[in-house]
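So that the names make sense, note that chain A is the first sequence line, chain B the second, and so on, each numbered from 1.
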Amino acid sequence: MISSFSLSSVHIPPLPKPNQIQRKNWKSSSSPTETLTPTPKDLLDNFNTVFELKQLHSYIIKTNKDYSILLVTRIASICALSPSFDYARTIFRRVEKNETFIWNSYLKTYAESESPINAIRFFYRLRQSNLCPDTFTCSFVLKACSILLDLHNGRIVHGLVLKLGYQSDLFLQNTIVHMYAKGGAINDARKLFEKMPRRDSVTWNILITQLTKLNEIDKAQELFDQMPDKSVRSWMAMIAGYVQCGKPKEAVKLFKQMEEAGESPNEVTVVAVLAACAYLGTLDLGRHIHEYLDKCGFRKNVRMCNTLIDMYIKCGCLESARSVFDEMEERTIVSWSAMIGGLAMHGEGEESLKLFSKMTRIGIRPNDVTFVGLLHACSHMGLIAEGREFFTSMRLLSEAHEFIKNMPIKANGVVWGALLGGCRVHKNIELAEEAIKHLQVLDPRNDGYYVVLSNIYAEKGRWEETTRKTPGWSTVTVNGEVHEFVDGDGNHPQAEEIYQKRDELLTQMKPRGYIPNTKVVLLYMDGEENKVQVLYRHSEKLAIMFGLMKTPPGTTIRIMKNLRVCEDCHSSFKLISDIIDREIVVRDRNRFHCFKNGLCSCRDYW
DNA sequence: GTAGGGTTAG
């Protein structure tokens, strides 16, 4: 709110010192908004700026220059949120403009403040004073209702709009549709939408966006197909919607369609499609979009850079992520957390901790996501102590446990989840069970944690306690196209060729010491041979065979997996990288593995 | 002076 008003944009000589400010017979009077006392936070946030605004205002008066009503009402409405109510009223009384306009600007400021509830309170006060609301008054209070998800007051204002005969105002109609849709009454929004005599692209976009937020992506697509004049923001709503609904492939497809339709992407579509690239691990497209941004001279804002960092990290390009991070003019905690977590994910534990201390040195407060990244980094620091692995790892785990217990913020499910991941590495059942106890309370619907626990039990030979495993899938990008494989996939059109390639490689792997590691097969299953068959059909193995078949020798193969890579696949990939002399990059649920010349960048520690 | 959007973990 205040940040949008910049003193530096007004050409003025040095401001007078506080004691030089001349107050010209300005009487104080009681304000009608006394009950709208700002919160202590408002006061803290605004104090200095309000003071500066008063200085500016006094300068305007002293020099008797023409000033815009907008500028002065802006000063007044900012003062109205601070202790300077009287000051604001004094300004308003001196401005010749219709009264409703003035109160509307108050209302707008309240609606956009940190406590939009003040806009609703203020609106009722205006009603009591018999001031007739105009369409602007209604739209500002409806905005506050949307932000607060306040359907009750929203309905009351809607009633008033009808009573005052404003129902044909398209702006207001859209605001009302938005209020209902966002507030959880999508059916009411839809009914209103159907009845509207006139709609514009905003009307459609509102419904499309809110449907995607409800995971109703098919209904959103239906509306999108029906709408007459699609704007960039319509494409944007759908593309971002597909990403949010966990359908990145569709998002990328739509992005390409948008380009074919001759529409240029805007900042938000770019962010959404970069997020899709991050999810899919499609480095080519991600890089292409980055180049496009540079070519078109897009203004790179923080969110866009954050998404670029995330995309590069998840596509395995730590260096590019780092250079985006280093070149940023302004960074938020999201930027720092993404980079800290990214370094950890790539096994750069020390660098990750270094960046963390740099961040805290300049006074940026970490959040829960930063801690998750740090925990990952800590778990990779165990590399240093390879020789003393057992003791070190025990100490590391208990340190992580202490760390969580003493964290300045309450640990959430993700933090305990990270500790659980550590327990999996170090096969510590007792601590894992404690983590699970917390997770049952903090994140009861997430069954992914039980998969990890079952892994720990399975590897410790406690079969009776293992549960069913989430199906694993892997993808591999070939010529810019993403191919997906699921565990045990026998239905792939080229299954036969894939299995042939696998057997061919197995004959080369076995003389080099490859022995199928069936202890990672979690399902309770009779017969060693059956277990071996399950192992051979792991999705990442199928993906790599497909990649080998479809790409020229020497090309790096990039695989993305939804779960952790299993130990058998890990040791197979090391051998394969040596046999075929190629680099294989695997992104699993936790981190990256870069296989080269028979070794993995994680040094078998993950 | 009014309406619609995007980022980090799991």
Grab the two heavy atoms, one from [X] and one from [Y], that are nearest each other, plus how far apart they are.
X	Y	answer
A:P116	A:A111	CB-O, 3.7 Å
A:A338	A:I313	O-CD1, 3.2 Å
A:N562	A:W473	OD1-N, 2.9 Å

According to the interplanar angle, ranging from 0 to 90°, do the rings of A:Y292 and A:F298 count as parallel (below 30°), tilted (30 to 60°) or perpendicular (above 60°)?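 If you compare the ring of A:Y292 with that of A:F298, the planes turn out tilted.
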Residues from residues 213-228 of chain A sitting under 4.0 Å of DNA chain B, heavy atoms only?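 Heavy-atom cutoff 4.0 Å gives A:K213.
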Output the residues of residues 161-170 of chain A in contact with DNA chain B, where contact means a heavy atom of the residue under 4.0 Å from an atom of the strand; sort by number or write none.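 Heavy-atom contacts with DNA chain B come from no residue of residues 161-170 of chain A; none.
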In terms of side-chain heavy atoms, does A:S234 have a donor or acceptor partner in A:S231 at a distance below 3.5 Å?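 A donor-acceptor contact under 3.5 Å links the two side chains.
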Going by atom types alone, do A:T203 and A:D200 pair a side-chain donor with an acceptor below 3.5 Å?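 Yes, A:D200 and A:T203 have a side-chain donor paired with an acceptor closer than 3.5 Å.
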From the options [options], select the nucleotide whose nearest atom is closest to the side chain of [X].
X	options	value
A:I206	B:dT8, B:dG1, B:dG4	B:dG4
A:V268	B:dA9, B:dA3, B:dG6	B:dG6
A:T209	B:dT7, B:dT2, B:dG5	B:dG5
A:S201	B:dG1, B:dG4, B:dT8	B:dG4
A:V202	B:dG6, B:dG4, B:dT2	B:dG4
A:N174	B:dG4, B:dA3, B:dG5	B:dA3
A:D310	B:dT2, B:dA9, B:dG5	B:dA9
A:S139	B:dT8, B:dT2, B:dT7	B:dT2
A:D200	B:dT7, B:dA3, B:dG5	B:dA3
A:N367	B:dT8, B:dG4, B:dG6	B:dT8

Check whether any side-chain nitrogen or oxygen of [X] sits under 4.0 Å from OP1 or OP2 of [N], and answer yes or no.
X	N	result
A:H178	B:dG4	yes
A:K230	B:dG4	no
A:Q210	B:dG4	no
A:K143	B:dA3	yes

Is there ring stacking between A:F101 and B:dG1, where the centres must be under 5.5 angstrom apart and the planes under 30 degrees?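 A:F101 vs B:dG1: stacking no.
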Which whole-number value in Å describes the distance from [X] [atom1] to [N] [atom2]?
X	N	atom1	atom2	result
A:F325	B:dT7	CZ	C1'	14 Å
A:L355	B:dT8	CG	P	18 Å
A:N266	B:dT7	CG	P	13 Å
A:W235	B:dG6	CH2	C1'	18 Å
A:I176	B:dT2	CD1	P	18 Å
A:Q173	B:dG4	CD	P	15 Å
A:L172	B:dG1	CG	C1'	14 Å

Looking at [Y] and [X], is there a salt bridge between them, counting it only when a charged N and a carboxylate O are closer than 4.0 Å?
X	Y	answer
A:E194	A:R190	yes
A:E267	A:R303	no
A:E348	A:R322	no

Which residues pass the side chain to side chain donor-acceptor pair (under 3.5 Å) test with A:T307, sequence neighbours left out?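 Partners of A:T307 under the side chain to side chain donor-acceptor pair (under 3.5 Å) test: none.
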Just call it for A:S231: base, sugar-phosphate, or nothing, with non-hydrogen atoms closer than 4.0 Å on any strand.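 Result for A:S231 = base.
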Indicate, with a heavy-atom threshold strictly under 4.0 Å, whether A:N104 touches base, sugar-phosphate, or nothing.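 Base, at least one base heavy atom under 4.0 Å.
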N/O donor-acceptor pair under 3.5 Å between A:D588 side chain and A:K561 backbone: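 Pair absent, no side-chain N/O of A:D588 close to backbone of A:K561.
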